[in-house]
There are 2 protein chains.
Amino acid sequence: MRYKLLANGNRPIMAYLIPGDLCDVHVSLLAQMDHSIATLSPCRIAYIPRERIDAIMNDHPRLARALWWATLVDEAILREWLVNHAHRPADQRLAHLLCEILLRSKAVGLTDDDSFELPITQDELGDTMGLSTVHVNRTIQHLRATGLITSQGRRVVVDDLERLMEFCGFNPNYLHQQSEAARRR
Amino acid sequence: MRYKLLANGNRPIMAYLIPGDLCDVHVSLLAQMDHSIATLSPCRIAYIPRERIDAIMNDHPRLARALWWATLVDEAILREWLVNHAHRPADQRLAHLLCEILLRSKAVGLTDDDSFELPITQDELGDTMGLSTVHVNRTIQHLRATGLITSQGRRVVVDDLERLMEFCGFNPNYLHQQSEAARRR
DNA sequence: CGTGCCGTTGAGCGTTGTCAACCAGTGTGG
DNA sequence: CCACACTGGTTGACAACGCTCAACGGCACG
């Protein structure tokens, strides 16, 4: 995850990185890091030396383009989070976050029939959505009561993805998950 | 500004573009636009054809790098907005937004001794920060009463920037406004 | 002199936060 | 094997922040 530490004791979480995501191109381009990165579960991490990125920029314009593309997708996700945090009530906010995690996990083959492992505590969900732990808990119960999700321990099951997306106004286009062919038109 | 239109009638504003900002590199890289762009005041806009961007990517790695850099700064700003929207109360949220607009305007020479024109209605500020117009109004009055800002019509005057930044916990590092020399280290 | 936009104010309500406590599961050391 | 501590989830009561609804005033524009 990406996070910051605030003077008031809050620890806002600003992004979840799932397997396959680039996490740190910033380091080679920006002079200083403006946030921190931490793991929420055991991770395997590939290290790409700065010189390698430089070399790609110089000699491989198509790869450079792809890297830039990845940054633009991250940006799109951030914009959607912004919308989600500031303009939707807690229940839709949580539902929206779950939809995104489900679709992104699915894209890398980490789901099992619209159910997935969520290695995130309710406290961390609160830090992500700007809600208190208590309210996150009640919101989860609300979604369960409405039949929108089922959860056993860390496993979240979405029985009817269409309905969940409908509930929170989820439009997946911001994830830009089309095939490369479609992307180049 | 960048904005979206939601089914529930909201119109979240996700970014303000000030003179000199790139507004639309997305078009040449992402297959579809996931948000809209509109002007809040009269603007002069430079159009860069898609082929020109392609050419830069292929033949001018240093320019390509600079474009990518600009994207990363946009991303950093989005992250900070995310923090601001989800983790600060209304008064600090507004103060933080004003600090950012002031610093970004100052960087392009649009300020006059820590005062600047803000061509944004209270309604639009509400759409930006996820607050109702009424509450934005009361928040502005609160900042005025505390002596943190003065405003005459569209003009906002910050008498004591240090104090305003202190009030909202503003850390300007996310704007990455160092000189190019510092940036390359 | 109307019309419309923007800012302002008041009253009442609802969502969410805080505080405090309790419970279940898990790992640890005696 | 059993206390013990610790983490994460759950619940209740109450307060606060921010929203909605409704109305009004100033100002620009035609």
Side-chain angles (χ1 to χ4, degrees), chain A residues 1 6 8-13 38-42 83-98 117-146 149-157 167-168, chain B residues 1 6 8-13 38-42 83-98 117-146 149-157 167-168:
Chain A
M1 65 168 177
L6 258 49
N8 62 19
N10 276 143
R11 179 199 49 177
I13 295 176
T39 57
L40 288 164
S41 58
V83 172
N84 201 32
H85 290 28
H87 296 270
R88 278 192 265 259
D91 50 0
Q92 293 177 34
R93 205 182 297 178
L94 176 58
H96 196 281
L97 181 59
L98 291 177
E117 294 294 326
L118 191 66
I120 302 175
T121 66
Q122 295 184 1
D123 193 41
E124 287 154 0
L125 282 175
D127 285 340
T128 305
M129 298 186 294
L131 298 170
S132 68
T133 314
V134 173
H135 202 64
V136 168
N137 184 286
R138 294 191 165 120
T139 306
I140 292 175
Q141 292 181 45
H142 176 60
L143 291 188
R144 280 201 282 245
T146 332
I149 64 168
T150 318
S151 62
Q152 312 130 0
R154 295 267 117 128
R155 186 148 210 100
V156 177
V157 183
F167 169 71
C168 60
Chain B
M1 63 170 177
L6 258 48
N8 62 19
N10 276 142
R11 179 198 51 175
I13 295 175
T39 57
L40 289 164
S41 58
V83 173
N84 200 32
H85 289 26
H87 296 269
R88 277 192 265 260
D91 50 0
Q92 293 176 34
R93 203 182 298 180
L94 176 58
H96 195 282
L97 182 59
L98 291 176
E117 295 294 326
L118 190 67
I120 303 175
T121 65
Q122 295 185 359
D123 194 41
E124 287 153 358
L125 282 175
D127 286 339
T128 305
M129 298 185 295
L131 298 171
S132 68
T133 314
V134 172
H135 202 62
V136 168
N137 183 285
R138 292 186 168 124
T139 306
I140 292 175
Q141 292 180 46
H142 176 60
L143 291 188
R144 280 200 283 245
T146 332
I149 63 167
T150 318
S151 62
Q152 312 131 2
R154 295 267 116 132
R155 189 150 207 97
V156 177
V157 183
F167 170 70
C168 59

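Letters A, B, ... mirror the listed sequences (proteins, then strands); counts begin at 1.
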Could you walk me through whether A:R154 and A:T121 pass side-chain contact (heavy atoms from CB on, under 4.5 Å), step by step?
CA-CA 9 Å; A:R154 295 267 117 128; A:T121 66; 4.0 Å; yes

With each end axis built from five pairs of C1' atoms, what bend angle do you get for the helix from C:dC1-D:dG30 to C:dG30-D:dC1? Round to 10°.
30°

Contact letters for nucleotides 15-21 of chain D, in which S counts primed atoms plus P, OP1 and OP2 and B counts the base, heavy atoms under 4.0 Å
---BSBB

Could you state the interatomic distance from OG (B:S132) to CZ (B:R138), rounded to the nearest 0.5 Å?
8.0 Å

D:dT10 phosphate, OP1 or OP2, under 4.0 Å from A:N137 side-chain N/O
yes

Distance, nearest 0.5 Å, that separates CD1 of A:I13 from CG of A:L125
8.0 Å

Where chain B begins and ends its contact with DNA chain C, read 5' to 3' at 4.0 Å from heavy atoms:
C:dC6 to C:dA11

Within a strict 4.5 Å, meaning less than it, do heavy atoms of the A:R93 and A:L97 side chains meet?
no

What residues form a side-chain hydrogen bond (donor to acceptor under 3.5 Å, both in side chains) with B:H96, not counting sequence neighbours?
B:E80, B:R88

Base-contact (B) and sugar-phosphate-only (S) positions in nucleotides 25-30 of chain D, heavy-atom cut-off under 4.0 Å, - elsewhere
------

Working to the nearest 0.5 angstrom, can you tell me the gap between B:N8 CG and A:C168 SG?
11.5 Å

Sequence neighbours left out, what pairs pass salt bridge (Lys or Arg N to Asp or Glu O under 4.0 Å) with at least one residue falling in residues 119-133 of chain A?
A:R11-A:D127

Correct closest heavy-atom pair for B:L131 and B:V136 would be CB-CG2, 4.0 Å

State the CG-CD1 distance between A:L118 and A:I149, to the nearest 0.5 angstrom.
9.0 Å

Can you tell me how far apart NE2 (B:H85) and NE2 (A:H85) are? Round to the nearest 0.5 Å.
10.0 Å

Criterion side-chain contact (heavy atoms from CB on, under 4.5 Å) on B:L94 and B:L98, from CA distance to verdict:
CA-CA 6 Å; B:L94 176 58; B:L98 291 176; 4.2 Å; yes

Heavy-atom pair of closest approach, residues B:L6 and B:P12
CD1-CG, 3.9 Å

